[in-house]
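Residue numbering restarts at 1 for every chain, and letters A, B, ... go by the order of the sequence lines. Computed from heavy atoms alone, side chains included, the values below leave out hydrogens, waters and symmetry copies.
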Amino acid sequence: MQIKVKLFATLRENREKEMMMDLTQGATPKDIIERLNIPKEEAAIIIINGRNAKPDRVLEDNDVVAIFPAVGGG
Amino acid sequence: MNKFIRIDMTAMKVTTEEVPEKYAGLGGRALTSNFVANEVKPTCHALGKNNKIIFAPGLLSGTAAPNSGRISVGAKSPLTGGIKESNAGGTFSQKMAKMGIKALVIEGMPADDKYHIIKIDMNGVTIEDAPAEIIGGCGNYKAIEVLSAKYGEKVGIALAGPAGEHRLPSANISFKDPEGNMRSAGRGGLGAVLGSKKVKALVIDETGAVAVPIADPEKFRAASKVFAKALLDHPVAGKGLAAYGTDVLVNILNEAGGLPAKNFTAGRIDHNDNISGETMNATITERGGEGKVSHGCHAGCIIRCSQWYTDKQGKYITSGFEYETIWGLGADAGIKDLDDIAYIDREMDDIGIDSIETAVAVACAMEGGLLPWGDGKAVLEAVKGIAVPTPLGRIIGSGTAVVGKVCGLFRVPVVKDQAIPAYDPRPVKGIGLTYATTPMGADHTAGYCISGNILKVGADIDPLKKDGQIEYSRAMQIGTASVDSTGMCLFVYFGIADNPGGYQALIDMINSQYGISLTATDVDKLGESVLKVERAFNKAAGFTNAHDRLPEFFEYEPCPPHNVVWDFTPEEIDEVYNF
Ligand code: SF4
């Protein structure tokens with residue numbers, strides 16, 4: 001299945017900021033994080049189609065997965 | 001801090017008193033709000049002689065505690081008609097604290113039209129005529145230069161800009177920062193109160209002052225070390241804010257569908273990359289020259305969320321280029337060019353006008369046909385007009401609620417006449433409760449529920465659901481009222497929210513400075529008491545629970561992409577202040 005992956009802030013260092021990924025059924029954000037060599041603790045916030053999600057959420061075809069390090073402001 | 005100074009602008013008289021007993025244990029917002037509640041007639045006109053304005057450093061200001069240099073300013077707000085506390089960085093707070101000044105109060109109002117400078121040094125306080133060249137439209141950058149040349153490069157300055165002289169309801173107070181640029185006590189129009197009292201600026205020179213006394217220096221040092229480590233070890237407080245500034249929030253709010261766009265008609269934009277923190281960081285780095293990716297707004301800030309943004313030649317345009325401003329102009333008003341936004345930000349600082357209120361007002365003016373959508377150049381001209389003031393400048397400088405009325409709009413994003421900032425309350429429900437209920441009028445910093453709703457710091461709450469939000473907004477508002485009383489920058493929250501040791505260190509610093517033994521419960525109680533005092537003032541000023549509501553359009557206009565509406569009932573909203 002095709003998944004759109006977006007990376008932000010420090011996660012963009014030495015990585016593309018946006019990419020399409022071909023993943024097998026049953027894949028989760030965890031698989032993406034591993035494939036991109038992102039240390040687990042650095043993937044602090046995961047947003048799938050505009051909703052916060054956990055790393056073990058099973059993905060569906062055409063999902064948009066945004067991964068952020070810990071960020072803050074205000 | 002043992003001096004309580006009153007400056008009576010009617011009699012042109014200064015009195016220095018001992019700190020009244022009831023204020024002895026208070027600082028920052030706790031002090032300003034208690035003072036306003038005790039001494040300002042709630043029904044007075046905010047620009048009349050019965051309003052009083054108070055400046056107070058936080059409890060820890062002037063010490064070596066990291067990030068403790070914030071100053072609180074309080075008065076009745078000409079924007080909301082309720083109580084106001086607005087705080088800022090800069091050098092003023094630390095100087096006041098070192099001079100032992102717990103509070104500076106300005107009351108009364110002179111009969112004539114002359115502007116004054118209030119000069120504070122170790123010999124006392126004098127009221128002087130303001131230099132003619134800084135009156136009548138002179139920008140704040142220039143005014144700071146003139147005052148620094150006259151009184152000394154190192155002096156601290158609090159300043160009403162042209163907007164304050166015109167007594168516009170969104171005029172701010174600007175504080176000189178360590179490099180001679182400025183930080184603002186932005187919200188609620190306190191610059192207009194200063195202007196109404198014919199005070200152009202306060203100038204403070206701490207030459208001859210000694211260090212702030214610390215009851216138990218060893219314990220203080222140890223606690224301060226633990227506290228600093230908690231901040232520096234946290235990925236947000238120690239690293240993220242310095243690299244990307246607060247503007248890092250553009251992308252995450254956009255992904256979450258909570259970035260208000262085109263006067264709150266959507267929660268997402270397509271040009272997010274133009275205005276994001278990532279882009280700002282890359283632009284500053286690429287342009288080199290005077291640019292700085294990170295910068296602290298006062299000595300002792302170790303988080304350093306501020307920055308110097310530059311033009312293509314690497315020359316300074318503006319500093320403290322915040323997410324809320326960039327969101328307001330970039331997403332809400334649809335201006336797609338970060339340089340355009342930077343020039344408008346600079347202009348707003350120079351005129352001394354709240355950049356949140358003004359940006360939201362501009363977006364409303366666009367909906368109302370007063371300005372073309374997304375036109376940065378037109379907005380810059382209109383904002384420049386505030387200093388003149390042109391009729392359009394006066395309208396925009398009067399804030400979002402006035403613009404909405406002038407244009408005959410129903411979609412007017414304000415609570416208690418103060419503009420709603422950069423997080424849509426429909427898809428991020430926790431923050432909506434804070435906007436609705438804080439005595440300050442819509443204000444994200446009064447109880448930053450974005451933290452647990454979106455950023456997952458300190459809590460993990462579904463932003464689209466109601467569950468847990470009432471308790472969360474209440475707790476955040478109470479905690480914030482406490483932190484605002486310490487002189488700490490609110491961003492220390494990121495370092496201590498998930499670190500009980502860091503929070504304890506903050507309390508230990510206060511205890512070892514004053515030789516007292518507050519517990520975490522006492523600190524919570526302090527926060528609660530501040531909110532109660534503020535709310536009581538508002539009630540006496542005529543506010544009821546019906547004012548604790550979001551604008552009605554949020555209830556019937558779904559916000560895409562989630563297509564959700566604001567659905568808290570009045571009874572649920574009222575629960576927030578049930579403590
Ligand atoms: S973190 Fe930012 S707002 Fe806070 S004290 Fe530092 S520069 Fe100022």
Output the donor-acceptor atom pairs between chain A and chain B under 3.5 Å, with atom names and distances to 0.1 Å.
unit_1 : atom_1 : unit_2 : atom_2 : d
A:K6   : NZ     : B:E255 : OE2    : 2.6
A:A9   : N      : B:E278 : OE2    : 2.8
A:A9   : O      : B:Y244 : OH     : 3.4
A:T10  : N      : B:Y244 : OH     : 3.1
A:K17  : NZ     : B:D273 : OD2    : 2.8
A:G50  : O      : B:H562 : NE2    : 3.1
A:K54  : NZ     : B:D460 : OD2    : 2.8
A:G73  : O      : B:Y448 : OH     : 3.3

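Counting non-hydrogen atoms of other residues, nucleotides and ligands closer than 6.0 Å to CD of A:Q2 gives a total above 12.
Of the two parts of A:F68, only the side chain, counted from C-beta on, holds a non-hydrogen atom closer than 4.5 Å to a non-hydrogen atom of chain B. Interface remark: B:P463 contributes side-chain atoms only to the contact with chain A (heavy atom separation under 4.5 Å). For B:A243, no part sits under 4.5 Å from any heavy atom of chain A, backbone or side chain. Heavy atoms closer than 4.5 Å to chain A are found in both the backbone and the side chain of B:L455. Proximity to chain A (any heavy atom under 4.5 Å) is restricted, for B:L464, to the side chain, taken from C-beta onward.
The minimum heavy-atom distance linking A:I45 with B:I252 is given by the pair CD1-CD1, 3.5 Å. Counting all heavy atoms, side chain and backbone alike, B:L241 lies closest to A:G73 at CD2-CA, 3.8 Å. Annotation for A:G74 and B:L249: closest pair N-CD1, 3.5 Å, computed over non-hydrogen atoms.
Sorted by first and then second residue, the ring-ring contact (aromatic ring centres under 6.0 Å, His included) pairs involving residues 23-54 of chain A (not counting sequence neighbours) form an empty list.
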